[in-house]
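Everything below concerns the one structure shown next.
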Amino acid sequence: MKGFNKKSIIAIAALIAAYIIGQVLISNGIIDSYIQLNMIIIGINIILAVSLNLITGFTGQFTLGHAAFMAIGAYVSAIFTAKLGQPFIVAIIAAGIAAAVAGIIIGIPTLRLKGDYLAIATLGFGEIVRILALNIDYIGGAIGFNDIPQYTNWTWLFVITVITVLLISNFIKSYHGRACISIRENEIAAEAMGINTTYYKVLAFAIGAFFAGIAGALYANYFYFIKPDSFGFMKSIDILVIVVFGGMGSITGSIVGAIVLSVISSFLQSIPDLRMVIYAVILFLIMVYKPTGLMGKSEFKIFKKGVKGNVSSKG
Amino acid sequence: MSVLKVSNLSRAFGGIKAVTDVSLNVEEGEIIGLIGPNGAGKTTFFNLLTGIYTPTEGEIEYDLNSKVTSKDFKPHKMTGFGVARTFQNIRLFQNMTVLENVLIGFHNGMNYSVASSFFRLPSFYKEEEETHDKALKLLEKFNLIDKKDAFARNLAYGDQRRLEIARALAANPKLLLLDEPAAGMNPKETAELTELIKWIRKTFDLTIILIEHDMSLVMNICERLFVFDYGHLIASGLPDEIQKNERVIKAYLGEDAN
């Protein structure tokens, strides 16, 4: 488990290759703007799903307000780039921090709630953010926020998505991450083993919110225009569906889920009448035949670990 | 030296007094048994000792790592005070591996920062490596090393009980609280557990308090017993004395038993 070994060098090389291939295809025009749009959506969905997975899948806190953090990030980034003329990187960081602060503020009172109660409370929080955005004229109110400079491109998207996945999976594999997972598994036992459950729930919430805010920034600075209704309850559900579909507690599951569902929904756009029906049927089938999601709690590994003495693989 | 001092401890739930006016002392290195009929308040007493409930009246005082009283108790602070426990109904982290379960026990001993975990700074590798080594050694002592990568939920019942004790010991306690460690075990497993508890006290040099219904285990290893009935501490003393104590016999068998 040292920092740089053969595997991580191969992984880094593969990532760089993927980036260069993407960049070359875009600049040659082989990937047209429609495919590029879908790639941006996939990247944003990956960030959203992985960050929600940290809260819901790993720490076990069921929330329905993830789109609100995205909204906060999107509006903060829009203000920084369009109104204050700041560079994109400043806007991204500000968006993340604003969302994380919101996550802490909402997390401290609500995270003492469990299960359904927490879901309802975060649902309420999501609505509060949406209604506030609707009523603040400075950010366009119901008309929406126009003329946001388009900074998001393949490079930004790729780099930020990779960083997000890397940081969150690093976090999960540390003792802080194990503490979060133990809260999901058994909160009373976790507490008895010396884990400050409130601290770790708020921490997971803040980290999840931070990256959702960044996803919001990427979104705002790609589509020129944002409006409060884009970040409503349905957006939170969309993100949750990706997480459940991919597997709660699996980072690779969230990535696969985001790609598969984004691709399916873009293919279905050609048959708008049946789009949501087919989409729903696919979700239905997955839940019936694989209720733990595509990946369950396990991770997809290119480099298989030694399976010697591994009883769990049979379970 | 007394490591635990309980004075006039009471805990009421509404009108029901689950623990009433209990006072006792536990000396360093003892193995103490808590016995009593079902609903006598033994587990409530444990929950008071570990900060899950706060006392309605009275006080608990530990003198392990430092002197602390029940005013400062919080469940997550107890391992820091030197107190670790197991549960009556096993509470393992089911979907984590055996190794990860024990690693959680070491939580308090680790202190690299969140930033260090994000960016894999040197302190991350150093501490993780040390802790992994310690965890593996502990599993070896508990004969669970072969199953280190198995999910806790896939373990046999006896192994789950042992893993829970191993996890508690990972927190490096000076006082170990075991809530019915032999529940659901057959006589052979109970005999093994008896040896294990004796061995633990010797190897880890700690004080043990256990709740147990299995009299063969209690009489075999406990140096002193406390008997609870309807929330009251009705008797305390050596196992032989307790066996002859009339109030204890009444509590277990009813008024007219002779």
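To find a chain, count down the sequence lines: A is the first, B the second, and so on, and within it residues start at 1. Since this is a predicted model, take the numbers as computed values, not measurements.
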- request: Tell me, yes or no, whether the heavy-atom count around A:Y117 atom OH, taken from other residues, nucleotides or ligands under 6.0 Å, exceeds 12.
  value: no

message: Check for me whether the distance between the ring centres of A:H176 and B:Y112 falls short of 6.0 Å.
response: yes

- prompt: Does the pair B:E128/A:R178 count as a salt bridge with the N-to-O cut at 4.0 Å?
  reply: yes

field: B:N89, CG atom: more than 12 neighbouring heavy atoms under 6.0 Å
entry: yes

query: What's the spacing between A:I188 CD1 and B:I52 CD1 if we round to 0.5 Å?
result: 6.0 Å

message: What part of A:I207 gets within 4.5 angstrom of chain B, counting heavy atoms only: side chain, backbone, both, or neither?
response: side chain

query: Any chance NZ of A:K290 has more than 12 other-residue heavy atoms, nucleotides or ligands included, within less than 6.0 Å?
result: yes

query: With no hydrogens and no angle check, is any side-chain donor or acceptor of B:Q94 less than 3.5 Å from a backbone partner on A:E185?
result: no

- prompt: Are any of the side-chain heavy atoms of A:K173 and B:R120 separated by less than 4.5 Å?
  reply: yes

field: Pick from B:N95, B:T50, B:L103, B:T79 with the largest number of heavy-atom pairs that fall under 4.5 Å of chain A
entry: B:N95

query: Does the side chain of B:H107 reach to within under 4.5 Å of the side chain of A:M193, using non-hydrogen atoms?
result: no

message: Out of B:R85, B:R167, B:K77, return the one with the most heavy atom pairs under 4.5 angstrom to chain A.
response: B:R167

- prompt: Under a 4.5 Å heavy-atom cut-off, does chain A meet the side chain of B:M78, its backbone, both or neither?
  reply: neither

message: In the structure I gave you, are the side-chain heavy atoms of A:N186 and B:L92 within less than 4.5 Å of one another anywhere?
response: no

Pairwise side-chain contact, A:L167 with B:F119, heavy-atom cut-off 4.5 Å (strictly under): yes

- line: Ranked by heavy-atom pairs below 4.5 Å to chain B, first place among A:G249, A:S182, A:G177, A:S169 goes to A:S182

Nearest heavy atoms of B:F87 and A:A189, plus distance in Å: CE1-CA, 4.0 Å

query: Checking B:T86 against chain A: side chain, backbone, both or neither under 4.5 Å from a heavy atom?
result: neither

- prompt: Can you tell me how far the CG atom of B:N111 sits from the OH atom of A:Y175, to the nearest 0.5 Å?
  reply: 6.0 Å

task: Report the distance from atom CD1 of A:I181 to atom CD1 of B:I104, rounding to the nearest 0.5 Å.
output: 7.5 Å

query: Under 3.5 Å, side chain of A:E191 to main-chain N/O of B:H76, donor-acceptor pair present?
result: no

